[in-house]
Each structure stands twice: as structure tokens, then as C-alpha cells.
Novice: 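Quick one: this structure, given as C-alpha cells, is what I'll be asking you about.
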Number of protein chains: 2
Amino acid sequence: MSDALSAIERFSRYQSDDAQSVEPVHCPVRDVLDCIGDKWSILMIMTLATRPQRFGELRRAIRDISKRMLTQTLRDLERDGLITRHVFPTKPPSVEYCLSPLGRSLLDPMASLIDWADRRYSDIHAARVRFDGAPL
Amino acid sequence: MSDALSAIERFSRYQSDDAQSVEPVHCPVRDVLDCIGDKWSILMIMTLATRPQRFGELRRAIRDISKRMLTQTLRDLERDGLITRHVFPTKPPSVEYCLSPLGRSLLDPMASLIDWADRRYSDIHAARVRFDGAPL
DNA sequence: GGCCGGAGGTCTCTATGTGAGACCTACCCT
DNA sequence: AGGGTAGGTCTCACATAGAGACCTCCGGCC
């Protein structure tokens, strides 16, 4: 919890002094959330964590992603330097995606999130059932 | 990094054996990402981490959130048991939001993510500039 | 009494994000 | 010649997000 406290302090510092607000421009957290805060990015990184994979493999691994979103998510992650893309001149050409060192460095922080998800998702589920069943 | 490896292993186990796919139904990670993986939830939790805050305070803290999304994000987080909502019978009534124990337990994992964001967002920025400047 | 303002919302309309699925190119196999 | 495969792009339809008007309840001011 001491780690958490220092991180919160750091986060607070990004609040601009005049308005006490989290400005998108000056807040790395906002910046990073814009990168990996979309629907598929984290899932993609986790899936690529086990091994480099090709376009079709990724589609089969995350079955409810559409081709369009798969392409777009991969492009965005490549643009942000989290994954790399290799084209092999086979016929037809095959393309392999793999985590860059920067992408791999994200695994450790994400691991603790997954850990939390694992331990606490039943609590969340219970809270949800309770909330939905409560009278208004 | 060893933590990351075990989390990845655990994540892999949620891939269904027959199809090697990350089924939404059986994957807590998917579940949790659906809760806090939206545009504002993590920011909201971080903002509430410093202290309980009222509707108007939160709006001023996260200035580019709309009233509608603020209301909805708060409702969703309340539904999932991550925050609690207290109405004080002042005139006009004031409403205070604060993290629940479950919500506070999320701070530690989120802290490591913020840590990463802090250290690495310049790398991401650099990668992006490089990508955008590259010829096709 | 009538008007203004604040707190915490809801409602409506438009802009953006997401998904489904058709299509494309180049090649191989039969 | 027809069909299959890999990795996409394109178009259309729909779901979600944002902007901003509006609402209620009250208290204070003149």
C-alpha cells in the first residue's frame, strides 16, 4: 500500500495548480490510458506475452474481435512502440507480431492488475448482483 | 518479471482448451477490463484515491468529462462495489463519493501501472513520432 | 413576491468507435 | 478454371460518448 500512496502523490502532482484539474496534456497517466485504455489493447498484449503470433493466430485467440479492430489495434500498438511487425516473404506473405522490449516492460505492471482481477472479480460480481437486486 | 510470468501463465489458462481462445465468459481479465477498461474509470479511482469528493469537485478535477459520463461512470463503479455514494440532507443535497475497501485494494496494482506510465511515456511518445514520420 | 444561483442530476442531438461482412491480391493445388 | 489461404481494406449499420439545454429544490437578495 505504500507504493500506492507514492503513486497517488505523483498522480496528484499532475493536477494543474491553478485549477486542481487533471489536464490531458500534462498527465502521462492520461496519455498512457489513451494508448492501452481501449477495448482490445491489454488483451492483445497479454496474448502476445506467451509468444510472437501471426495475424490469424491472434484472431483465433481473441475470437470476438473483428478483423478491422484487430488490424487497428495492432497498428496503434506498433505506432506506440509496444509491438513490432515482421513480414515474411512467403507466398502468401505471413506477418508476425511480437512484443518489443517496451511492450515487455509493461507485463510486470499488468501482471499485478491481472492478479487483482483474479482474486477480486468474485467480489465485483457479488456487488453487482446486490446492486441490481436492490430496490430504488 | 517473474511475477509477470506467473500471471501470464494464469491468463493463458483461461484460454479454452478446444479453441485456444480467450472466451469473454470464462476470463476474469475480460470481466475486470469491462469494468475499469473504459475511458474514465481508472482516472476516477485515482482522483478519489486522495480523498472522498463530491460530484462538483470531481467535475472540476477531471475537466473534460461531461456531466453525463461523470454520472454514468460513478454509477457503474458503484454498481461494481468499487466506490460508495453518500447523500447528505443539506439544502440543496450534497453527494459524496468515496472508495470502498474493494476500490482501495485496486490502488496497489494501479500504482505500478502509473509508475510504468511515468517512466515510459516518453518512450511511447518518441516511438509515435518516429512511426508518424516514417515513409510508407 | 419574484428572480438569481448552486448542487446534482436527466434529456436530446450529434460525433466518434465498434462490428459484420463483402471484397481484394497474389499465389498454390487440383 | 476453380477453390483455398493469408492479411488485409472498404462500406454500412449500430452502440457509445460528448455538448449543452433543461429540471428541481431550496435559500438569499432586493
Novice: Please compare Phe55(B) and Lys91(A) by the position of their nearest nucleotide in DNA chain C and report the one closer to 5'.
Specialist: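 Closest to the 5' end, via its nearest nucleotide, is Phe55(B).
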
Novice: For nucleotides 13-20 of chain D, give me every protein contact, N/O to N/O, under 3.5 Å, one pair per line with atom names.
Specialist:
unit_1	atom_1	unit_2	atom_2	d
dA17(D)	OP2	Gln72(B)	NE2	3.3
dA17(D)	N7	Arg68(B)	NH2	3.0
dG18(D)	OP1	Lys39(B)	NZ	3.1
dG18(D)	OP1	Trp40(B)	NE1	3.4
dG18(D)	OP2	Trp40(B)	NE1	3.0
dG18(D)	N7	Arg68(B)	NE	3.3
dG18(D)	N7	Arg68(B)	NH2	3.4

Novice: Quick one: pull up CE in Met44(B) and CD1 in Ile42(B) and give me the separation to the nearest 0.5 Å.
Specialist: 12.0 Å

Novice: What pairs with Ser41(A) under side chain to side chain donor-acceptor pair (under 3.5 Å), at least two apart in sequence or on another chain?
Specialist: Asp38(A)

Novice: Examine distances only and state if a side-chain atom of Gln53(A) and a backbone atom of Thr47(A) form a donor-acceptor pair shorter than 3.5 Å.
Specialist: yes

Novice: Determine the minimum heavy-atom distance between Arg104(A) and Leu99(A), stating which atoms define it.
Specialist: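 That would be NH1-O, 3.0 Å.
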
Novice: Does a side-chain N or O from Tyr97(A) land closer than 4.0 Å to OP1 or OP2 of dA6(D), or not?
Specialist: no

Novice: I'd like a table of donor-acceptor pairs (distance under 3.5 Å, sequence neighbours excluded) in which one partner is a side-chain atom from residues 81-90 of chain B, with atom names and distances.
Specialist:
unit_1	atom_1	unit_2	atom_2	d
Thr84(B)	OG1	Cys98(B)	O	3.4
Arg85(B)	NE	Tyr97(B)	OH	3.2
Thr90(B)	OG1	Pro92(B)	O	2.8
Thr90(B)	OG1	Ser94(B)	N	3.2
Thr90(B)	OG1	Ser94(B)	OG	3.4

Novice: I'd like to know if Arg30(A) pairs up with Asp34(A) as an ion pair, taking the criterion as any Lys NZ or Arg NE/NH1/NH2 lying under 4.0 Å from an Asp or Glu carboxylate oxygen.
Specialist: no

Novice: Between atom CG of Leu107(A) and atom CD1 of Ile45(A), what is the distance when rounded to the nearest 0.5 Å?
Specialist: 7.5 Å

Novice: Answer yes or no: is there a donor N or O on one side and an acceptor on the other, between the side chain of Ser112(A) and the main chain of Pro109(A), under 3.5 Å?
Specialist: yes

Novice: Taking any atom under 4.0 angstrom from a heavy atom of chain A, which nucleotides of DNA chain C are the first and last to qualify, 5' to 3'?
Specialist: dT18(C) to dC27(C)

Novice: Go through residues 74-85 of chain B and report each residue with a non-hydrogen atom lying under 4.0 Å from DNA chain C, sorted by number.
Specialist: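 Arg75(B), Arg85(B), in order of number.
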
Novice: Roughly how far, to the nearest 0.5 Å, is CZ of Phe55(B) from CG of Leu74(B)?
Specialist: 7.0 Å

Novice: Using the test salt bridge (Lys or Arg N to Asp or Glu O under 4.0 Å), find all partners of Arg68(B) that sit at least two apart in sequence or belong to another chain.
Specialist: none

